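Predicted model, so just to flag it, every value in this text is computed and none were measured.
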Amino acid sequence: MDKEELAKYIGSKIKELRLIKNMTQSDLADLLKTTKQTIGRYEKGLRRANQDMLFELSDIFECSIDDFFPPIDLKEKNIDLSVNETNHIHVLRKLKPKRQTKVYKYAESELKEQLDNDIVQFKQKIPVALKIAASSTDLGYRNDTDIAEYENVYTDRDDLRNFDYAYYVSGDSMEPDYKEYDVVLVQRAYGVDNGSIYIVMHEETLYIKQVRINDGVFTMHSLNDKYDDINVTLEDAESYPVIIGKVVDSFTPLQVN
């Protein structure tokens, strides 16, 4: 099982155990002091929970950390516990089968984490915003922002456009061009080019939308036809849309930490 398959397996177990506990993603996020989006990435296998996180989840779900991993047959791994080749094997063979499996799973997890860390140097690290604060004034659609929280993602692309901010895509409203949990790269923008894609803050909600301004109406359009346009009449609006920036590139992250 490679690291992507392992991440998906662990994610499926997190979702399964969460549903058994009758929890929503928001419920679990509150207990872990993280975001619903982060839980979603865990469950889809786009982010693999580290050992500390798995121990926290074990406490919450009242299960063993082993429950997050696929069963492993030591014989399939060509480990002959009947041969005392090293002191380590000698100690391992004294353990009961369940404990032997636990030790092996832990060692395999440590090896995978080590391999992941070894290849990070070949990837580009991008800080992606998780929470932001933005302010709007009577001038309308300006881009004063403060990045309050972020996490690092990695990509093997070496041709990324220059950018000022990076954000996750949430939901499917911009499919097929931008899929959920993709990362979009954003440049500061002063003004709007009708028909371009922007990150917009409006009424404390962050959107990625195709933007147009015509006859005093600020329109946020979804590429997915099942979503209606969001129209803001600027003359009558109690709060104005805040342009965070223009989307100039996107990618699917390889690793998150």
Side-chain angles (χ1 to χ4, degrees), residues 1-120 123 128 130-131 149-154 168 170 180-181 252-257:
M1 179 176 290
D2 62 27
K3 61 183 181 181
E4 287 83 9
E5 290 174 331
L6 180 61
K8 288 180 180 178
Y9 185 92
I10 292 173
S12 68
K13 296 302 293 185
I14 292 173
K15 181 176 181 179
E16 175 186 329
L17 293 166
R18 173 177 63 79
L19 293 176
I20 289 174
K21 286 290 187 179
N22 198 28
M23 289 182 182
T24 66
Q25 288 183 342
S26 295
D27 293 335
L28 184 56
D30 289 343
L31 291 173
L32 293 171
K33 295 181 173 56
T34 186
T35 64
K36 176 184 176 182
Q37 289 74 20
T38 297
I39 299 302
R41 291 193 291 277
Y42 281 138
E43 293 186 354
K44 287 181 178 289
L46 299 175
R47 177 178 183 179
R48 197 177 75 207
N50 61 27
Q51 181 178 314
D52 290 341
M53 178 62 70
L54 290 178
F55 276 123
E56 287 191 61
L57 289 167
S58 297
D59 289 339
I60 291 171
F61 295 142
E62 299 177 305
C63 67
S64 166
I65 195 171
D66 291 345
D67 294 333
F68 296 102
F69 293 92
I72 294 177
D73 185 345
L74 295 177
K75 293 181 180 180
E76 290 182 359
K77 298 297 181 179
N78 296 319
I79 295 179
D80 185 358
L81 298 180
S82 65
V83 179
N84 183 15
E85 296 182 349
T86 66
N87 289 335
H88 297 93
I89 295 296
H90 181 64
V91 171
L92 184 59
R93 68 189 291 256
K94 289 184 176 181
L95 297 174
K96 293 181 179 180
K98 184 176 181 180
R99 293 183 182 276
Q100 290 173 354
T101 303
K102 181 181 294 187
V103 169
Y104 184 84
K105 287 178 179 177
Y106 175 75
E108 184 179 62
S109 174
E110 287 293 297
L111 176 59
K112 287 182 179 297
E113 185 170 333
Q114 177 180 298
L115 293 174
D116 286 347
N117 290 334
D118 288 343
I119 65 173
V120 163
K123 302 175 186 174
V128 179
L130 296 176
K131 296 180 180 179
E149 185 179 336
Y150 69 90
E151 67 182 11
N152 293 319
V153 303
Y154 297 87
Y168 284 113
S170 178
E180 187 169 28
Y181 303 123
T252 301
L254 298 176
Q255 180 179 328
V256 180
N257 66 15

Note to self: Once side-chain hydrogen bond (donor to acceptor under 3.5 Å, both in side chains) is applied, do any residues pair with E56, and if so which ones, sequence neighbours excluded?
What the structure shows: none
Checklist line | Point-to-point distance, once rounded to the nearest 0.5 Å, from CD1 of I39 to CG of L31 | finding: 9.0 Å
Notebook entry, point to check: Going from NZ on K13 to CG on L54, what distance comes out if it is rounded to the nearest 0.5 angstrom?
Noted result: 12.5 Å
Note to self: Looking at every non-hydrogen atom in both residues, tell me the closest pair between S64 and S58 and how far apart they are.
What the structure shows: C-OG, 3.8 Å
Next item on the list: Could you tell me the separation between the CD atom of E151 and the CZ atom of R47, rounded to the nearest 0.5 Å?
Entry: 4.0 Å
Checklist line | Considering all heavy atoms, the nearest G40-Y181 contact | finding: CA-OH, 3.2 Å
Checklist line | F61 side chain near M23 side chain, heavy-atom distance below 4.5 Å | finding: yes
Check: Which heavy-atom pair separates F68 from Y9 by the least distance, and what is that distance?
Finding: O-CD2, 3.5 Å
Item checked: Separation between CG of D30 and OG1 of T35, rounded to the nearest 0.5 Å -> 10.5 Å
Notebook entry, point to check: Residues two or more places apart in sequence or in another chain: which of them pass side chain to side chain contact (heavy atoms under 4.5 Å, CB included) with K8?
Noted result: none
Notebook entry, point to check: Who pairs with S12 by side chain to side chain contact (heavy atoms under 4.5 Å, CB included), at least two apart in sequence or on another chain?
Noted result: none
Notebook entry, point to check: Can you find a heavy atom in the side chain of L17 that is under 4.5 Å from one in the side chain of I60?
Noted result: no
Check: Do we see a donor-acceptor contact under 3.5 Å between the side chains of D27 and T24?
Finding: yes
Notebook entry, point to check: Just how far is it from atom CD1 of I10 to atom CE of M53, taken to the nearest 0.5 Å?
Noted result: 12.0 Å
Notebook entry, point to check: Does the R41 side chain pair with the main chain of L46, one donor and one acceptor, at a distance under 3.5 Å?
Noted result: no
Checklist line | Reported OG-to-NZ distance for the pair S170 and K36, which is rounded to 0.5 angstrom | finding: 7.5 Å
Next item on the list: Tell me yes or no: between the side chains of Y42 and Q25, is some donor less than 3.5 Å from an acceptor?
Entry: no
Next item on the list: Taking the side chain as every heavy atom from C-beta outward, state whether L32 and T38 have any pair of such atoms under 4.5 Å apart.
Entry: no
